[in-house]
Amino acid sequence: MSPRSASVNEELRRRSRERLLQASLELVGERGYDATTLADIADRAGSARGLVSYYFPGKRQLVQSAVHRLMHRTLEEALERAPRTEDGRERMARAIDAILGLARDRTVLMRQHMAGLLDTEGFVQCPEQRRLAELLRETVVRHGSQDVDADYPMMRSLLMGAVFAMVLPNVPMSFATMRAELFRRYGLDWELGVPPDGEAPGGTCETDLSRYFATGTRPGEQPRPAVRPKLPGAQSK
């Protein structure tokens, strides 16, 4: 049997990393962070335990990268959905709704994410985090910022504060309340973005996260069995 080419090996490594990211979101959403081990994640991903350490220094870095992937892909979908628009106010509204929607619909994941950011190491500098930053910065530019270097960190901080308020146990702020506050801050009409039609506890959220991860199979490769766990991202508050 001839050895695999460098490109094939690179593709297999990429897919292994993708499966680990997806598995971490599924399991932390199901069980919570503390009850999820790296061995559990490796088993769910169909990977050897040693591969987790090869790609990520530890569980916190893995989970934070996975949540950043969920955030930037959710944001991308919101910004690019039909009808696509270049209007800066509409794109700002969509960005706010996308991030606050994750706090509402993926409460367990976003609560853990916020807790991880309070760690002394702060943000994990990974491709997923960098892509999220690019999208948010671009949103600020299109909204008409005259000082992006000041306005982008402010927007990021406002969104983080709103998410923290929404995922705070026992006394969370509502989606509508935080949306109204941010819309006032950016001079946005309530009808922009995706206005809530009255709040349902936890919102509505799909349990299948596979579209956020490129884990397809090559010809002759056995597909990974589909796993569709129930994510308590729509938790009662």
Okay, side chain of [X], backbone of [Y]: is any donor-acceptor separation there less than 3.5 Å?
X     : Y      : result
Asp87 : Arg89  : yes
Glu90 : Leu192 : no
Asp97 : Val194 : yes

Measure across [X] and [Y] and return the closest heavy-atom pair with its distance rounded to 0.1 Å.
X      : Y      : result
Glu18  : Tyr212 : OE1-O, 4.4 Å
Ala162 : Leu182 : CB-CD1, 4.0 Å
Ser16  : Ser47  : O-OG, 4.5 Å
Met155 : Ala95  : CE-CB, 4.2 Å

Starting at [atom1] of [X], measure out to [atom2] of [Y] and round the result to the nearest 0.5 Å.
X      : Y      : atom1 : atom2 : answer
Arg19  : Ser24  : CZ    : OG    : 14.5 Å
Trp190 : Arg184 : CH2   : CZ    : 9.0 Å
Glu128 : Leu21  : CD    : CG    : 5.5 Å
Thr85  : Leu79  : OG1   : CG    : 10.5 Å
Asp40  : Arg31  : CG    : CZ    : 4.5 Å
Arg179 : Ile99  : CZ    : CD1   : 14.0 Å

Taking Glu76 as the fixed residue, which of Arg94, Arg91, Arg131 is the one that meets the salt bridge (charged side-chain N to carboxylate O under 4.0 Å, His left out) rule?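 With Glu76 as partner, Arg94, Arg91, Arg131 yield a single salt bridge (charged side-chain N to carboxylate O under 4.0 Å, His left out), made by Arg131.
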Would you call [X] and [Y] a side-chain contact if the rule is heavy atoms closer than 4.5 Å?
X      : Y      : value
Phe213 : Leu20  : no
Ile41  : Arg44  : no
Met110 : Val67  : yes
Ser145 : Tyr152 : no
Met166 : Ser174 : no
Met160 : His113 : no
Leu38  : Leu62  : yes
Leu100 : Met173 : no

Could Arg104 and Phe175 be counted as a cation-pi pair, given that NZ or CZ must be under 6.0 Å from the ring centre and within 45° of the axis?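 Yes, Arg104 sits over the ring of Phe175.
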Go through His68 and Cys126 one step at a time and tell me if the side chain to side chain contact (heavy atoms under 4.5 Å, CB included) criterion holds. CA-CA 9 Å; His68 277 136; Cys126 60; 4.3 Å; yes
Given the rule in the side chain to side chain contact (heavy atoms under 4.5 Å, CB included) test, do Leu109 and Tyr33 qualify, once you have shown the distances and angles that lead to the verdict? CA-CA 8 Å; Leu109 289 171; Tyr33 181 81; over 6 Å; no
With side chain to side chain contact (heavy atoms under 4.5 Å, CB included) as the test, would you mind laying out the steps for His143 and Leu188 before giving the verdict? CA-CA 10 Å; His143 188 250; Leu188 306 175; 4.0 Å; yes
Is it true that, when you exclude Phe164 itself, more than 12 heavy atoms of the residues, nucleotides or ligands shown sit nearer than 6.0 Å to its CZ?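 Count not over threshold, so no.
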Pick out which of Leu135, Val163, Leu159, Leu102 makes a side chain to side chain contact (heavy atoms under 4.5 Å, CB included) with Met71.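 The side chain to side chain contact (heavy atoms under 4.5 Å, CB included) with Met71 is passed solely by Leu102 among Leu135, Val163, Leu159, Leu102.
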For Gln64 and Gln61, run side chain to side chain contact (heavy atoms under 4.5 Å, CB included): C-alpha distance rounded to whole Å, both residues' side-chain angles, the deciding distance at 0.1 Å, then the answer. CA-CA 5 Å; Gln64 196 174 123; Gln61 291 87 349; 5.9 Å; no
Under a 4.0 Å threshold between the charged nitrogen and the carboxylate oxygen, would Glu138 count as salt-bridged to Arg142?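 Between Glu138 and Arg142 there is a salt bridge, with a charged N closer than 4.0 Å to a carboxylate O.
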So, Gln22 versus Glu26: side-chain donor-acceptor pair below 3.5 Å or not?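 Yes - a donor-acceptor pair under 3.5 Å links their side chains.
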